[in-house]
Structure formats: structure tokens, C-alpha cells
Amino acid sequence: MSRTTTALAVTEIGGPFELREVQLNPIQPDEALVEIHAAGICHTDLSSANGTLPGAPGAVLGHEGAGVVLEVGSAVTSVAKGDKVLLSFSHCESCAPCTSGHPAYCYAFNDRNFGGKRPDGSSSMVKADGTTPIFSSFFGQSAFARHTLVHKSSLVKVPPETNLSLFAPLGCGVQTGAGAVLNTLNVTEGSTLAVFGVGSVGLSAVMAGKLRGAKTIIAVDLQPSRLELAKRLGATHGIIGTGDVVEEIRKICPPVGVDFAVECTGNTKVIVSMIDALGTRGRGATVGAPGFGSRISVDVMNHLTYGKEYVGCCEGDSLPSKFIPYLIQLHAEGKLPLEELITFYDVKDYEKAIEDSKTGRAFKAVLKWEST
């Protein structure tokens, strides 16, 4: 049976978001119907809305959803009706990366998450009159909706007492920043770490660096307020990103730079600076998304003679079913103070939430459909 619900949709690429009535298509065997209670706003959502990343007119975006299961398809066994769930990225569950514990590198990742369609090519939503498919199934969930159909690979069951609004951002932003440090880079105790861009992803990386016992954690950003928060959360130094950042990092970590670095802005010039700031056998990772086709130049001899490594990092190389509960446990232990990052907005105030996300006034905006 189809269901009519309310969704926050993009009217056109580069156009505004609007609350609209939409209709859900019938549930498929590998899906769950979820009532969304909260959804984080990620810059990936905004980039898809403005055309930097794949999207389409009428898109229902959102990929940091949290809610309650209302119904499950016949092939869904990990959750049941009434379960609280956090939602993360979708993956095929059968390719080599998926079966080896690295679903963020699923062979079908981009098609599944940015494609706007179910695996069979259909849409999970249509216009309220039942016509015209909507660009949906974004990251397997399209969480900017009161009700949505979620692919089973995106579902992470959490305990009944879980604060869904607080933990909604774990599905992408927080796990990406923390996972970059804990999984991709495997930052070691006593090492040095630089984090370029300290929004919610970068701040999560800072907190993970502190968790790992890095002796020096350098936060780089254009906004002094962000640097101050980064210091409260574990950064030992803050650098305004308008000067010679590489030289400043080398002064803090002589003679040539840091052991590890994370780039969270997706700005190609910043990526180059991050690579240049790596010390001997330094390892750096990009988690910011500049858009497909973006390229950088690397000084090959410098890279070679210092033994540097530069790698990509998607979704923190995490296995959400394991990593998200681990992050919740870190919060319970006082090691992941998410309250410092999040600003809550009623869904009717979505325009302010989106604007605050764009300007950086909100580190992580979370839209709430109801108090949870």
C-alpha cells in the first residue's frame, strides 16, 4: 500500500528547498518503512542540491536519518517494527569490499547512493498525484522526509533509549571524520595530526585524534570560532587558513611537517597544502568532496623522497553496523561530546537551518520532525 507523506524537496538544481506532499511507492522486499524523527544536514546534501554532486529536480535528499521502523519487507531481518534506527549509506552487501568489511568502497557505491533510484532502477517516491518519479533513495534513505523507504543495508538498529536527534549525524558526518582518523589513517599514540577544515567532520576528526592520544593536533580553518571549539575538543594548536599554513605547521612540527593529516573541505588548493604539510612518511587523507573530475598536482620528487602517502577516505572506511554503536558508546563515556557540535531546528525552520549550514553558523544542523 502506498503512503502520502511530507518531504523536503529541491525544486530545481540550484533552486530552493520546499516542503511538499509526496507519495511513497509500495515497499520492496529489501526495504523498511521508517518514520523519520530527525535528520542531519550534510554538505553533501547541499552539494547535490546545487549540482556539484549528482542530483536532479525534485530530489528528496538527506542521508543522516534517524527514526522508527513502521514496516519491513520480507528480506529484511536486521530490524523489526518498532525498532529505533540510525540510517547510513547503502551498499550492495555482496561485492569484495562489502564482504571484507569495507562497504564504503562498494563497487556500486556511487550508483547506489547518488543515483536517486532503487537497485532495480525504480523510484521510492513519486509526486503526490502518483505521477512522475522523484529523485529519491538518496544514500538508500532520502531522510528529508517524514516517512521514507530505506534499503536494508542503510539500517542500523539502536537501543530503545537512544536519543535519535542527537545521534542522527553519526550516519555520515561524524563517522566520516572519526573514521578517517581511527580507520583510514590509524593515527597512533604520540603522533602529530593536522585537520584542515573543522566543521562537524573536522571536529569529529579532532576528537578521534585526542582519543588516539596524538600529542599534537593542529586545527586549520578560516573561522576563529571554529578553532576555539576545536581547542576545547582536543586540538593543541589552531591556525587561521589565510597565511602560509604549511610553514606554520612545519614550525609546530619541525622539520618538515605532521605524521598524519585529514582534509575536510574538498577544496583542491587546501588538499595540495595538506600534502605539502606532511612530514617524512606522513599519511594524509581527503574526506571532503570537491565533485567528480576534480584534480590536483603533486610534487612527485617531494612525495617520493619523503615517502608520503595520500589516500582517499569515503565514509570513514566504516562498517556502520559496528562503527555507529561504537561511536554511541564513546559518547556515553564522555569521549565524543556531540552536544558541542549540534544545533537543532524544527523542520518548519529548514530555510534557517540550511542557511546556517552554508555560512558555518551551525557546525551541524539537525532537522527535527518531533522531539525525540
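Hydrogens, waters and symmetry mates are skipped; everything else that's a heavy atom, side chains included, is used.
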*Backbone N/O of T52 and side chain of S47: donor-acceptor pair under 3.5 Å*: no
*Can C42 and H63 be said to form a side chain to side chain contact (heavy atoms under 4.5 Å, CB included), step by step?*
CA-CA 8 Å; C42 179; H63 62 291; 3.4 Å; yes
*Verify whether the ring centers belonging to F109 and F89 lie closer than 6.0 Å.*
yes
*If you measure from OG on S273 to CZ on F196, what distance do you get to the nearest 0.5 Å?*
6.5 Å
*asked:* Strictly distance-based, threshold 3.5 Å: is any side-chain N or O of T6 a donor or acceptor partner for the main-chain N or O of R20?
replied: no
*asked:* So for atom CD, which belongs to E189, do other residues, nucleotides or ligands contribute more than 12 heavy atoms lying within a distance under 6.0 Å?
replied: no
*Kindly determine whether V347 and Y345 satisfy side chain to side chain contact (heavy atoms under 4.5 Å, CB included), including the steps that lead there.*
CA-CA 6 Å; V347 71; Y345 301 80; over 6 Å; no
*For side chain to side chain contact (heavy atoms under 4.5 Å, CB included), just list the numbers for S153 and L155, CA-CA rounded to whole Å, side-chain angles, deciding distance to a tenth of an Å, and then say yes or no.*
CA-CA 6 Å; S153 64; L155 298 160; over 6 Å; no
*Going by heavy atoms in the side chains, are N302 and V300 under 4.5 Å from each other?*
no
*hydrophobic_cluster_shared for I217 and V246, side chain cutoff 4.5 Å*: no
*Distance only, no hydrogens: is a donor on one side chain within 3.5 Å (strictly under) of an acceptor on the other, for E35 and H37?*
yes
*Euclidean distance, L211 CG relative to L330 CG, rounded to 0.5 Å*: 5.5 Å
*Donor-acceptor pair, R212 side chain versus L182 backbone, under 3.5 Å?*
yes
_For the backbone of S123 and the side chain of S136, can you confirm whether one donor and one acceptor N or O come within less than 3.5 Å of each other?_
no
_With no hydrogens and no angle check, just 3.5 Å: does a side-chain donor-acceptor pair link H151 and Q28?_
no
*Following the transitive rule for hydrophobic clusters with a side-chain heavy-atom cut-off under 4.5 Å over Ile, Leu, Val, Met, Phe, Trp and Tyr, establish whether V287 and V270 coincide in one cluster.*
no
_Could you check whether any side-chain N or O of N113 sits under 3.5 Å from a backbone N or O of S90, counting only pairs where one atom can act as donor and the other as acceptor?_
yes
*asked:* Are more than 12 heavy atoms, taken from residues, nucleotides or ligands other than F114, located less than 6.0 Å from that residue's CZ atom?
replied: yes
*Taking all heavy atoms of V262 and all of A180, pick out the closest pair and write down the distance.*
CG1-CB, 4.1 Å
*Start with the C-alpha distance between K215 and L193, add both sets of side-chain angles, then the distance that settles side chain to side chain contact (heavy atoms under 4.5 Å, CB included), and finish with yes or no.*
CA-CA 8 Å; K215 69 178 180 181; L193 167 69; over 6 Å; no
*Determine yes or no for a side-chain-to-main-chain donor-acceptor pair under 3.5 angstrom, with T305 supplying the side chain and M301 the backbone.*
yes
*Is L203 reachable from V366 through a run of hydrophobic residues whose side-chain heavy atoms are each under 4.5 Å from the next?*
yes
*Does the ring centre of F167 sit less than 6.0 Å away from the ring centre of H331?*
yes
_Heavy-atom closest contact (S124 atom, S137 atom, distance)_ = OG-OG, 3.3 Å
*Any salt bridge (Lys or Arg N to Asp or Glu O under 4.0 Å) involving residues 153-169? Give me the pairs, sequence neighbours left out, ordered by first then second residue.*
D83-K157
_I'd like to know if E64 and K364 make a salt bridge, using a cut-off of under 4.0 Å between side-chain N and carboxylate O._
yes
*asked:* Salt bridge or not between E93 and K152? Use side-chain N to carboxylate O under 4.0 Å.
replied: yes
*Is a donor on one side and an acceptor on the other found under 3.5 Å between the side chain of D259 and the backbone of S191?*
no
*Between N186 and R283, do the side chains contain an N or O donor and an N or O acceptor separated by less than 3.5 Å?*
no
*For P290 and S294, work out which heavy atoms get closest and say how close.*
O-OG, 3.4 Å
*Would I296 end up clustered with V220 when hydrophobic side chains under 4.5 Å apart are linked, directly or stepwise?*
yes
*Are the side chain of Q23 and the backbone N or O of N25 linked by a donor-acceptor pair below 3.5 Å?*
no
*Measure the shortest side-chain to side-chain distance between T216 and C253 over non-hydrogen atoms and say whether it is less than 4.5 angstrom.*
yes
*Verify whether one side chain among Q175 and S88 offers a donor that lies under 3.5 Å from an acceptor in the other.*
yes
*Is any side-chain heavy atom of L33 less than 4.5 Å from a side-chain heavy atom of H147?*
yes
_Any donor-acceptor pair under 3.5 Å from T280 side chain to Y306 backbone_ = no
*Would a 4.5 Å heavy-atom cut-off, applied to side chains only, mark P169 and L338 as touching?*
no
*Qualifying residue for side-chain contact (heavy atoms from CB on, under 4.5 Å) with I252, from I239, T236, V258*: I239
*Any T343 side-chain heavy atom under 4.5 Å of F363 side chain*: no
*What is the minimum heavy-atom distance between G316 and N183, and which atoms define it?*
O-ND2, 2.9 Å
*Approximate separation, where rounding is to 0.5 Å, of L278 CG and I249 CD1*: 9.0 Å
*Take T265 and E263, measure what side-chain hydrogen bond (donor to acceptor under 3.5 Å, both in side chains) needs, and give me the verdict at the end.*
CA-CA 6 Å; T265 72; E263 195 289 314; 2.2 Å; yes
*Backbone N or O of G312 within a donor-acceptor pair of the T286 side chain at under 3.5 Å?*
no
*Kindly compute the distance separating OG1 (T4) from CG (L24), expressed to the nearest 0.5 Å.*
8.0 Å
*Compare every heavy atom of F138 with every heavy atom of G62, then report the nearest pair and how far apart it is.*
N-CD2, 3.7 Å
*Less than 4.5 Å apart, any side-chain heavy atom of I41 and any of I354?*
yes
_Separation between CD1 of I324 and CD of Q329, rounded to the nearest 0.5 Å_ = 15.0 Å
*Value rounded to 0.5 Å, distance of CZ in R112 from CG in N110*: 12.0 Å
_Note: K348-D346 ion pair, threshold 4.0 Å (strictly below)_ = yes
*So, do I240 and P224 sit near enough that their side-chain heavy atoms are less than 4.5 Å apart?*
yes
_Heavy-atom closest pair, residues P133 and V126_ = CA-CG1, 4.0 Å
*State, with a plain yes or no, whether a side-chain heavy atom of R232 is found less than 4.5 Å away from one of E340.*
yes
_With clusters defined by side-chain heavy atoms of hydrophobic residues (ILVMFWY) lying less than 4.5 Å apart, directly or transitively, does Y326 cluster with V201?_
yes
_Test of understanding: with side chain to side chain donor-acceptor pair (under 3.5 Å), list the residues that count as partners of T148, not counting sequence neighbours._
none
